[in-house]
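Report on one structure; see the data block that follows.
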Amino acid sequence: MSFPLLTATAALPALGAIATAAVPAARRTAAKWLALSFSLGTLALAVVALARFEPGGARYQLTESHAWIAEFGVRYELGVDGIGVSLLALTALLVPFVILAGWHDADPLEDARPNRRWRPTQGFFALILAVEAMVILSFEATDVFLFYILFEAMLIPMYFLIGGFGDRAAPAQFAAEAAGGGDEAAATQRSYAAVKFLLYNLAGGLIMLAAVIGLYVVAGTFSLTEIAEARANGSLSMATNTERLLFLGFFFAFAVKAPLWPLHTWLPNAMGEATAPVAVLITAVVDKVGTFAMLRFCLQLFPEASKWATPAILVLALISIVYGALLAVGQRDMKRLIAYASISHFGFIIMGIFAMTSQGQSGATLYMINHGISTAALMLVAGFLISRRGSRLIADYGGVQKVAPVLAGTFLIGGLATLSLPGLSPFVSEFLVLVGTFSRYPVIGIIATLGIVLAALYVLVLYQRTMTGPVKAEIRTMPDLRVRELVVVAPLIALLLFLGVYPKPLTQIVDPAVEHTLSDVQKTDPKPEVEAAR
């Protein structure tokens, strides 16, 4: 029996979560190093999985299959295609940076007033590892029921990370804690954001559960590969209305997680109230499960319904692009600005998926990866900035580049990556998505370019208001990035530059999986219309 590499990749952070939580309360530093060690071990296993994956080989590789709940036909089945293994590697890459960036986010507060709660450091890092384990396993699961369990279970640790370990730098109305009541008000905001996150995603998950049960009734199995094979050879057919209802049940849950307009409203609250590392975990890791599942489950299980719903989904994606970018322009809160920018970016991802072209879906997959890296870089640097000033409000900053040039420079690169500047990796993704969409839906593609213009506006205005101009009195003593913070940011910026110039290592892994997905929905790229000229 070969070594169960995929199981080990998910099991290691799960064991790390248990081990970290078991560290005695007085040994906070030991808990941090233990969590970091387990995350680096997971990254090593992910690199091995990436190295063993053969782009030209079988669709699902490194597969595992074991009986689990035999009475209901549920199996423990794992396997990765090019998309799944790439997102697995992204998750394993980002979590060590999340842990390093949040090194002091869960330390006990120095103020010992009665209304100050002690922050359990071990629990914070254990929850991060638990989320990593569930997300990695969700990228590997090829049993629909197993995926559903993971899809819902990851909400629990995320709920506690948002509600129990919120950002200490509250907006202005909660920042003056010394005036009394501020800490309780900020805690109320965190609780509201955590509950809203949980309720939205639980609602989507419950609808998906009904669809999962319906799928089993129709297909008699939860195995993704068995259902797809039966549909391909004609031994399994679904009535048109049945397939559409099942598709809508799955898609609704994934659209909430993604998040897609108008199901997006939980994200700005969650990212605004969470610490910067947890905000990265939300948008760069957890939310990718939604867009990944659209490719793996919606298109593969319900090809005809996917084509039927495409026009409506493209319109919703287009609204997400423009709406998210417009709201980002008007934000006064730095973290909420990044959250609305992410909503706009997820609109591009979903638009690329449902454009049903090879360029669009390849671009969407690359966008998932590049958005994870660029958003992590920008949000973590923003978190370092906020921790120094103690405020998320853009108006509280000015002249940072004169006192902390390295911090300002890394912030600028993260921002330029967010607006998809040529030479940085998100540009390749956005270009492919727009080309792939325009070739089949030119009007949608043209309007979507408005998102690029608005992205340049909100990023450059954010930089101008925070980093340039006169140095405010509260900024004059601000320190530049420390060694630990440079260790977090430098590799992310290096990846943005490398993949912006040379994206081939990703495209050669992703493209075969995209070809399989297009064959599932029986779509081919439209032929270019070239006018003959004498």
Side-chain angles (χ1 to χ4, degrees), residues 9 12-13 16 32-33 35-51 85-105 125 128-129 131-132 135-136 275-285 288 338 342 345 366-385 387 404-418 420-421 423-429 480-507 509:
T9 308
L12 190 61
K32 297 175 184 180
W33 283 108
L36 181 61
S37 299
F38 273 97
S39 68
L40 291 173
T42 304
L43 176 58
L45 290 177
V47 170
V48 173
L50 199 61
V85 76
S86 300
L87 292 174
L88 182 157
L90 172 69
T91 303
L93 172 70
L94 291 181
V95 169
F97 297 129
V98 167
I99 291 174
L100 274 174
W103 201 253
H104 298 297
D105 284 357
F125 293 103
I128 290 175
L129 290 175
V131 171
E132 179 184 23
V135 170
I136 286 177
T275 64
V278 173
V280 170
L281 203 63
I282 295 170
T283 189
V285 176
K288 298 301 187 298
I338 299 173
S342 290
H345 295 151
L366 292 179
Y367 215 134
M368 285 188 255
I369 298 166
N370 293 326
H371 170 264
I373 300 171
S374 62
T375 301
L378 181 60
M379 178 61 84
L380 291 179
V381 176
F384 298 149
L385 181 66
S387 66
V406 178
L407 190 155
T410 53
F411 189 87
L412 178 60
I413 295 174
L416 293 177
T418 299
S420 300
L421 183 77
L424 298 173
S425 60
F427 169 76
V428 180
S429 316
D480 213 333
L481 291 183
R482 303 178 178 91
V483 174
R484 172 180 60 85
E485 295 165 339
L486 284 171
V487 170
V488 171
V489 177
L492 296 175
I493 291 177
L495 275 173
L496 290 174
L497 293 169
F498 174 76
L499 294 176
V501 176
Y502 189 65
K504 184 179 178 180
L506 285 178
T507 56
I509 295 175

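Bear in mind that the values here come from a model prediction, so they are computed numbers and not experimental data.
Considering all non-hydrogen atoms of both residues, Ser374 and Ala417 come closest at CB-CB, 3.8 Å. Residue Asp480 comes nearest to Leu407 through the heavy atom pair OD1-N, 2.9 Å, listed as atom of the first residue, atom of the second, then distance. Scanning both residues, Ala101 and Leu380, for their nearest heavy atoms gives CB-CD2, 3.6 Å. For the pair Ser86 and Ile509, the tightest heavy-atom approach, listed with the atom from each and the gap, is OG-CG2, 3.7 Å. Contact record, Ser425 with Leu499: CB-CB, 3.6 Å, taken as the closest heavy-atom pair. When all heavy atoms are compared, the tightest approach of Leu481 to Thr410 is CD1-OG1, 3.7 Å.
To the nearest 0.5 Å, atom CG of residue Leu492 and atom CG of residue Leu497 are 11.0 Å apart. For the atom pair Leu93 CG and Leu87 CG, the distance stands at 12.0 Å (nearest 0.5 Å). One finds the CE atom of Met379 at 12.0 Å from the CG atom of Leu281 (value rounded to the nearest 0.5 Å).
A donor-acceptor pair under 3.5 Å is absent between the side-chain atoms of His371 and the main chain of Lys288, judged by distance alone. Although no hydrogens or angles enter the test, the distance criterion places no donor-acceptor pair under 3.5 Å between the side chain of Asn370 and the main chain of Leu496.
No donor-acceptor contact under 3.5 angstrom links the side chains of Thr283 and Thr375, judged on distance only.
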| task | Give the C-alpha distance, both sets of side-chain angles, the deciding distance and a yes or no for side chain to side chain contact (heavy atoms under 4.5 Å, CB included) between Ser39 and Phe125. | result | CA-CA 10 Å; Ser39 68; Phe125 293 103; over 6 Å; no
| request: Test side chain to side chain contact (heavy atoms under 4.5 Å, CB included) on Ile99 and Lys32 and set out the steps. | output: CA-CA 8 Å; Ile99 291 174; Lys32 297 175 184 180; 5.8 Å; no
| Leu40 and Ser37: side chain to side chain contact (heavy atoms under 4.5 Å, CB included), yes or no, with the steps? | CA-CA 5 Å; Leu40 291 173; Ser37 299; 5.9 Å; no
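Scanning for side chain to side chain contact (heavy atoms under 4.5 Å, CB included) contacts around Val47 gives Leu43, with sequence neighbours left out.
Surrounding CH2 of Trp103 are more than 12 heavy atoms belonging to other residues, nucleotides or ligands, all under 6.0 Å away.
Looking at heavy atoms from C-beta onward, Glu132 lies out of side-chain contact with Val285 at the 4.5 angstrom threshold.
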